[in-house]
Structures are given as structure tokens and as C-alpha cells.
Amino acid sequence: MAVVTPLDLAQKAAAVFEERGFENARLEAELLLAAVLCMKRLDLYLQHDRPVTPEEVERFRAAVRRRLKHEPLQYIAGTAAFRQLELAVDARVLIPRPETEVLVGEVLAWAERRAATGAVAAGNVVAADRGAALDIGTGSGAIALSLAGEGGFRRVVATDASDAALAVAAANVSRTKLGGIVELRHGSLFEPLRRGESFRAIVSNPPYIADAERDALPADVREHEPAMALFAGPDGLRVIRGLIDGAPVWLEPGGLLALEIGAGQAEAVLALTRAAGAYARELIVPDLAGRPRILLAERTG
């Protein structure tokens, strides 16, 4: 019986993907195979003559069949990379994306500046307390865990309206050992919060796609990712409105509201923050492709 190698399998799968119209067919095949074999993609070449067992071949074929149905590669692999994290993901949660990494980066940079300014004002450049943060619609926990692990926040409350999503987030909290900082709560928007709580930063990657845009989405997204994490009414702003209107009650004076927003929503979102009458220094930050993507607004006071 002929020996089957990783590159043999990758080449055959790439041909199938290319025939079915997948972009970056070779890359897709190699990433999928690396996930099945529990290897890094580079190892497919470093171990190019490694024999692949019949069981591994069958697992790869099953994974290819799933991908041909446009199931996202991250769901098949069961993991997704996000900043410094390797997160467990499946169809219960949205796949973390680079745009959200930009959102987190902006919050971390803001918190660093705020803490440094406060420490200097207090005459102590060592103690830079970043306070508490709130992540609304946490999904896999990507934002909350990044704020906790990278940002030095003493406490991060992460909420989600989906019990199923919170189960995924709980698994990621456990694997990152940040349970002493991140607290998960069930509920929509600000419902899970308790009287008297306040936050230095409120952060969210909310659903922001208009219902009518559903058919224009790639099949990977439309058919597999959770609809409640994607769609937000006729204009895509239903949840964003609730966040902008409700956040001032829970933000410290000078605290930050940071939201990921959709393409073409910047002007409408800025109008909402100005109409709320509770924010100052509203700013829209572009994503890595230069598209307006992140709202930053500080509470007045």
C-alpha cells in the first residue's frame, strides 16, 4: 500500500476546493489539514514525508466535506486565534475577527493613557489602576479575556443574552485561567448589571448587520454563524442604539464607550451619540482596511 503524506492530502483537497470555487484553495486545504493532524501549517512541509494513518485520512475527508458545505474552518478546527489568545469556538458563537482586534487595541491604548494620566495626577507613576470593564455580547469571550489578560483591568464583567454562547465563553475563561478577573453573566444589554456598579470602559462588538443584507453575506457567515450575533433590525442599529442610550448610567465620568460598527454606519452612530447628550470627544477609528469601524466616545463629567 502506497504511503500517504500530508502534502499528498493537501494537494488533492486544494484541487477539490479550487474546482468548487473556493478562494485561496491551497491555503484552505493546508490549514484544514494542519488542524486535523494537530500540527502547525509549517509542519506540513517540515514533516512532508510523515505517513498519514488511515484514521487521519478519514478525519480529513470528513473535514473537507464539512468545508465544502461552507462551514467555517474555525468551527471545523474548533479554535480561532484572537490577539494573544487561542479560543475555543463553534456554531454557538461568532468567529472573532481582525476588526474586533482593532477594537480591543483601541480600548487598551485608551486605558493605558487614562491610567498613566491618573497616576501622574496622583503623584504615583507606578500605581496605574485601570478599574473595571464591561463586555456586552461577549460570545467566545474574546474581548473580555483580552481586556483581562492584556489590559490590567482589575475586573471584567462579560455578558451575553445566549446561554449557549456563555458556555463557550466559560470554557475559554477556564483554559486561560482568568476566572479570578472575568465574571460571566446572562442577559441582554445592561439587564445583568447590579445597582451601584460602574465601569471605566464599556466595550461591545454588537450585532450590526441590517436584516435585508442577510442574502448578500457569504454562505460561511449566513448559514453557519449565530443570527442573533449578526442581525439588528432594518437598519442594523437596534442594539447600538440601546448601547449608546444605556451606557452613561453605568460609565464612570470620563469613562469610555467603545463599539464596533458596520460599514456605512459611522454618521448615524455619531448622530446617536450626540443626541444622547452624555458624551464628549466622539471619534470613529478605521479598521485595518481603512473602513470606519470603531466608535470611541467618552462620558462627560
Side-chain angles (χ1 to χ4, degrees), residues 9-37 41 57-82 86-103 137-143 160-162 164-165 167-169 172 204-240 260-265 287-293:
L9 287 179
Q11 184 174 358
K12 291 177 181 178
V16 173
F17 288 147
E18 186 171 4
E19 182 181 342
R20 294 286 290 271
F22 281 71
E23 295 183 6
N24 304 312
R26 181 73 186 208
L27 176 62
E28 289 250 3
E30 292 179 357
L31 290 173
L32 193 60
L33 180 58
V36 169
L37 298 181
R41 183 183 169 213
V57 171
E58 185 49 44
R59 288 207 308 272
F60 182 58
R61 287 174 176 167
V64 169
R65 289 193 292 268
R66 291 172 65 182
R67 186 68 189 110
L68 289 173
K69 295 178 182 178
H70 293 281
E71 184 175 352
L73 191 149
Q74 293 92 334
Y75 289 166
I76 300 171
T79 61
F82 185 84
E86 188 74 17
L87 298 167
V89 295
D90 58 33
R92 293 173 289 178
V93 297
L94 202 68
I95 297 167
R97 288 172 166 80
E99 294 87 350
T100 311
E101 294 189 10
V102 174
L103 170 66
T138 194
S140 65
I143 291 174
D160 206 290
S162 166
V168 178
N172 284 319
S204 182
N205 173 23
Y208 53 70
I209 300 174
D211 295 342
E213 296 176 15
R214 181 185 300 263
D215 292 342
L217 294 174
D220 302 37
V221 178
R222 182 180 66 247
E223 297 175 7
H224 295 279
E225 297 198 60
M228 69 179 297
L230 294 170
F231 302 106
D235 59 1
L237 295 173
R238 182 182 63 223
V239 179
I240 288 175
E260 184 173 326
I261 64 174
Q265 292 179 339
D287 61 20
L288 297 174
R291 298 166 295 198
R293 182 65 65 179

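As a basis for the values below, the full set of heavy atoms in this structure was taken, side chains included, without hydrogen atoms, waters or symmetry mates. This is a predicted model, so every value here is computed, not measured.
Atom CD of Glu101 and atom CG of Asp287 lie 12.0 Å apart (nearest 0.5 Å). In this structure, CD1 on Ile209 lies 13.0 Å from CG on Asp235, to the nearest 0.5 angstrom. If you take CG on Leu9 and CZ on Arg61, they are separated by 7.5 Å, rounding to the nearest 0.5 Å. Distance check, rounded to the nearest 0.5 Å: CG of Leu103 to OG of Ser204 gives 8.0 Å. Thr138 contributes atom OG1, which lies 11.5 Å from atom CG of Leu94 (distance to the nearest 0.5 angstrom).
In terms of heavy-atom proximity, Gly139 sits nearest to Asp160 at N-OD2, 2.9 Å. Counting all heavy atoms, side chain and backbone alike, Ala29 lies closest to Ala14 at CB-N, 3.6 Å. Between His224 and Pro72, the shortest heavy-atom distance links the atoms CB-CD, 3.5 Å. Taking every heavy atom of both residues into account, Arg293 and Ala263 meet most closely at NH1-N, 4.0 Å.
Using a 4.5 Å cut-off on side-chain heavy atoms (C-beta onward), Ser140 and Pro96 make contact. With a 4.5 Å cut-off on side-chain heavy atoms, Val239 and Tyr208 do not count as touching. Here the side chains of Arg97 and Asn205 are not in contact, with every heavy-atom distance at 4.5 Å or above. Residues Val168 and Val89 are not in side-chain contact: their nearest non-hydrogen atoms beyond the backbone lie 4.5 Å or more apart.
Within a 6.0 Å radius of CD in Glu18, other residues, nucleotides and ligands contribute 12 heavy atoms or fewer. The 12-atom threshold is exceeded at CZ of Arg41, counting heavy atoms of other residues, nucleotides or ligands nearer than 6.0 Å. Annotation for Gln11: atom CD does not count as buried by contact number, only 12 or fewer foreign heavy atoms lying within 6.0 Å.
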Steps toward side-chain contact (heavy atoms from CB on, under 4.5 Å) verdict (Gln265, Ile240): CA-CA 10 Å; Gln265 292 179 339; Ile240 288 175; 3.8 Å; yes
Pair Glu99-Arg291, side-chain contact (heavy atoms from CB on, under 4.5 Å): steps then yes or no: CA-CA 10 Å; Glu99 294 87 350; Arg291 298 166 295 198; 3.5 Å; yes
side-chain contact (heavy atoms from CB on, under 4.5 Å) between Phe231 and Arg238, intermediate numbers included: CA-CA 9 Å; Phe231 302 106; Arg238 182 182 63 223; over 6 Å; no
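Between Asp220 and the options Arg66, Lys69, Arg67, a salt bridge (Lys or Arg N to Asp or Glu O under 4.0 Å) holds for only Arg67.
Salt bridge annotation for Glu58-Arg65: present, with a cationic side-chain nitrogen under 4.0 angstrom from a carboxylate oxygen.
Side-chain N or O atoms of Glu225 include one that pairs as donor or acceptor with a backbone N or O of Ile95 at under 3.5 Å.
Taking the six-membered ring where tryptophan is involved, the planes of Phe17 and Phe22 are tilted, since the angle between them lies from 30° to 60°.
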